[in-house]
Structures are given as C-alpha cells and as structure tokens.
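Here the structure is laid out as structure tokens; the discussion comes afterwards.
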Number of protein chains: 2
Amino acid sequence: MSQKLTIQKRPRNAGATREAILQSALAAFARSGYDGVGVREIAQGAGVTGVLVNRYFGSKEDLFSAAVEIAFSDDSLFTGDASQLATRLTDAVLVKTDKAAEPIDPLLLLLRSASNPRAATILRDSIASHFERPLRSALTGRNANERAAMILSFFAGLQLFRKVIGAKALTDGNRADLYASIMAAFQSMIGGG
Amino acid sequence: MSQKLTIQKRPRNAGATREAILQSALAAFARSGYDGVGVREIAQGAGVTGVLVNRYFGSKEDLFSAAVEIAFSDDSLFTGDASQLATRLTDAVLVKTDKAAEPIDPLLLLLRSASNPRAATILRDSIASHFERPLRSALTGRNANERAAMILSFFAGLQLFRKVIGAKALTDGNRADLYASIMAAFQSMIGGG
DNA sequence: GTCTATAGAAAGATAGAC
DNA sequence: GTCTATCTTTCTATAGAC
C-alpha cells in the first residue's frame, strides 16, 4: 500500500518537455510579463515542476531569451507585398486580436516585460533585428528609418491601448469607423516620403 | 557613550514626509514600474523607512493609486488651442523628453506598470478620465472618440519605442526629418474626419 | 528525466520601543 | 512621528532521492 504509483510522472522525453516549457513560457510572459510570472507557474503550464525549467534553460532569464527569440521570429507582417502593408497591419490590430483565443502575442509580451531592465535589454536587441530591419526594407521614399520606427510605434501603441489599457473607443467603438481611421493613419505613414 | 545620538531621525513633519514619499514613489514607479520597485526603496528615496509608507498610504497599492492621480493630473497637452495640438504633441515626444533630467513621465509610469493586473486597473480608469476625455473634446469632425484613442496610442507608442525600447531611428536619427514625419502623422490623425 | 524538499534572498506588512 | 526588529509569504535556484 505504500507504493508511490499514485504519483503521476511525465514520460521521459527531453525534447517534448523542453518544447512544452517553452510554449508555456511564451504564453505566460505574454499574459503576465517577466516579473508577473514565476518559474513554478510556467512549469505547471507544461505539466512539470520548476526544477526542469532551470535544468533545461539554466535560469529564468535564459528562458525569457529563448521565448523572445521564438515570439519575434515571425516577421511576415512586415515582409512581403508592400502595397498591402497597411491592410495587413490594420487587420493585425483589429481582427487578429479580436477576442478569440489569441495566440502568443509578441507585442503583448514586450509591453508586459519591458519594465524589467534585464528583460528590456533582451527585447531591445530582438526588436531591432526582427522588426525594425525588415519593415525599413519594405518602405520606399525618404526617411525610411524614421517612418519604420513610427509605424512600429503606432502599431505597438494601438495594442497597448486596446489590449492592456482597454480603451473603450478601441474595443467597443464602431468597427467600420475604427478600421477606416486606423487604415488611413497607417497609409499616411507608409506612403509619406 | 551609549547614547543613540548618532542615529539621524527625520524631523517630525507629517505633511512634508508624506509629500516626500509621494514624490519618491512617482519617480520610482516611472523608473522601474510597479513590480520593479519595493516599498523599502521608495522610502529610502524619501529619507525614511518603509514603515512610514504603509503608515501614510496603507499599502503599496494605495500608494500607487495616489501617485497615478498626481502623474495624470496635468492634461495641458490635450486641452487648449486645438490648432496647435499636433505641435504640442510632437514637441512633447521629441523635445520635452530629449535627454535632460526628465521630470516624472506619466506615460513611462504607465508603460512600466501596466503588466501588473492591479496596477493596470488603476491606470485604466485614470487614463480614461484624465487623457481620453479632454482629447476627445478637443477634436472636431467624425469619429472623435476613435481618433482620440488613436492619437493617444501613437503618442504612447512613440514614447515606448523612444524611451523604453530605445529604437535608434527615434533617438539618433535626423532631428528635422523625425520632427516633420511625426508632425505629419499627428496632423493626419487630428485633421481626418 | 523527473521528482520532493529545502536553502537563501527579498518582498509587504506589523508590533512595539522611544 | 519615526524607528528597529521581525513575521509571513513568495520567489529563484539547488541538492539529492528514485
């Protein structure tokens, strides 16, 4: 009767465990920010204990680095057909992030973790290489660097007010009016030389 | 020789002490965010110990509420002459926050504290009443609510990329080009119906 | 490969002396 | 009115059993 068979242990599979931890971390950092989530909570989301997080990633900070690299690896918003850029960005702000089970949102992760100095440093470098550079390359005309940074700033600001602050005008307002206004603003920044 | 005269105690002055704590909290929350600073550190900045913070404000959360109310009490950016709104906003982004010893920056406080759920709730309410409402009143034309939220989003996003992320294009780029680009974007949002 | 148990640090909050 | 000292909780990280 003293058998410990009641304790459920995860099957031994290092690769799958590591990936599960990474996905859990991605979601947790986007939901609660670097300081707002503990290693225990991340581990629980992956069905393991906190020990394995440090075993596979070394430390919480190293885990955050790995999660950021994955979160920022998708630059499809900014590469590709430049003539559809305003539409893609507006859709990303208004439609993709509507209310459905949002996937891992890189900008939410950014916003909620940037208050930690070590996390901010990690984020700074990844933002520049993964987002600023491709967007700048997609722009034509003068001041492409400045306009790329402006477009990213606007994109991030919209998500901040929509998903973090919860500004009513951006969450409950008339959808068509909102779409037109945001689209016009993006086009002004993209087209302007 | 056992006299405790070597221990420096702050003169007894409740009002001044309370104000010193509040100013220290304002600066600390803007610098490190709600989670990034402790009651002890705030107290040290005011020359007292952590006890008095809780004595005067009840809890860290209540102190944060008091600090937010002060940080968001200045709405002069959004009230006043609407025809100069774009200039005021652009100046606020580029000039006021240049590199000099910035005063307490409300948006920096917002950005760095929004990851904490309780802080986010406090911020949400203050943003709406102190910033969204006056800006909406200053706008003419259609969709004033949506455009007001858009303008605030852009303003916040620029500060995020300039001061938190440190995007080079916004910190080291050509000043005149940057000024013109940002001004044009603001004017597009302000003027558009 | 994964667990339990715990060490060590730091946080918010409180009791009680002066 | 302000302090020192301490309680309690929570966190990251590690040691060692299985």
Side-chain angles (χ1 to χ4, degrees), chain A residues 2-22 24-25 28-29 31-67 112-113 115-119 122, chain B residues 2-22 24-25 28-29 31-67 112-113 115-119 122:
Chain A
S2 63
Q3 281 180 314
K4 297 199 175 178
L5 289 177
T6 52
I7 296 180
Q8 290 284 350
K9 288 199 183 185
R10 186 186 181 84
R12 298 190 179 189
N13 184 333
T17 298
R18 198 191 134 96
E19 182 62 21
I21 291 171
L22 201 47
S24 174
F29 285 136
R31 179 182 0 102
S32 308
Y34 184 85
D35 287 326
V37 68
V39 169
R40 285 174 180 79
E41 188 179 339
I42 292 171
Q44 194 174 25
V48 299
T49 62
V51 179
L52 293 193
V53 174
N54 285 328
R55 176 171 180 81
Y56 286 130
F57 293 93
S59 69
K60 183 185 181 183
E61 195 175 335
D62 292 334
L63 171 62
F64 182 75
S65 286
R112 294 192 162 142
S113 299
S115 57
N116 183 287
R118 284 175 292 185
I122 293 167
Chain B
S2 64
Q3 281 179 315
K4 297 201 175 179
L5 288 177
T6 53
I7 297 179
Q8 290 285 349
K9 288 199 181 184
R10 187 186 181 83
R12 298 191 177 190
N13 184 332
T17 298
R18 198 190 134 97
E19 183 62 21
I21 292 171
L22 202 47
S24 174
F29 286 137
R31 180 183 359 104
S32 308
Y34 184 86
D35 286 327
V37 68
V39 169
R40 286 173 178 78
E41 187 179 340
I42 292 171
Q44 194 174 24
V48 298
T49 61
V51 179
L52 294 193
V53 174
N54 284 328
R55 175 169 180 83
Y56 285 130
F57 292 93
S59 69
K60 183 185 180 182
E61 194 174 337
D62 292 334
L63 171 63
F64 183 74
S65 287
R112 297 194 161 140
S113 299
S115 56
N116 183 289
R118 283 176 293 184
I122 293 168

Closest approach of B/S113 and B/A119, non-hydrogen atoms and distance? O-CB, 3.4 Å

Take the protein atom CZ of A/R18 and the nucleotide atom P of C/dT2, then report the distance between them rounded to whole Å. 13 Å

So which protein nitrogen or oxygen atoms get under 3.5 Å of nucleotides 10-12 of chain C's nitrogens or oxygens?
| from | atom 1 | to | atom 2 | distance (Å) |
| --- | --- | --- | --- | --- |
| C/dG12 | OP1 | B/K60 | NZ | 2.9 |
| C/dG12 | OP2 | B/V39 | N | 2.7 |
| C/dG12 | N7 | B/R40 | NH1 | 2.8 |
| C/dG12 | O6 | B/R40 | NH2 | 2.9 |

Could you pull out the closest heavy-atom pair between A/Y56 and A/R18, with the gap in Å? O-NH1, 3.4 Å

Looking for any heavy atom pair under 4.0 Å, which part of the strands does B/V48 touch: base, sugar-phosphate only, or nothing? sugar-phosphate

Between CG of B/L63 and C1' of C/dA13 the distance, given in whole Å, is 14 Å

Scanning both residues in full, the closest heavy-atom pair of A/R112 with B/S115 reads O-CB, 3.0 Å

From C-beta outward on B/V51, which listed nucleotide comes closest to its side chain: D/dC3, C/dT4, D/dT2? D/dC3

How long is the line joining OH of A/Y56 and P of D/dA13, in whole Å? 17 Å

Once you round it to whole Å, what is the distance between C1' of C/dT2 and CD of A/Q44? 16 Å

Separation of C/dG1 P from A/I21 CD1 (nearest whole Å): 12 Å

Taking every heavy atom of B/F57 against every heavy atom of B/D62, the minimum-distance pair comes out as O-CB, 2.9 Å

Rounded off to whole Å, could you give me the CG-to-C1' distance for the B/D35 and D/dT10 pair? 13 Å

Test A/K60 against A/Y34 for side chain to side chain contact (heavy atoms under 4.5 Å, CB included), laying out the working first. CA-CA 9 Å; A/K60 183 185 181 183; A/Y34 184 85; 3.9 Å; yes

Under 3.5 Å: donor-acceptor pair, side chain of B/S24, backbone of B/I42: yes

Applying side chain to side chain donor-acceptor pair (under 3.5 Å), which residue pairs with at least one partner in residues 35-50 of chain B are found, sequence neighbours left out? B/R31-B/E41, B/D35-B/N116

note: A/R55, atom CZ; C/dT4, atom P; distance rounded to Å ~ 16 Å

What bend angle does the helix from C/dG1-D/dC18 to C/dC18-D/dG1 show across its length, from five-pair end axes and to the nearest 10 degrees? 10°

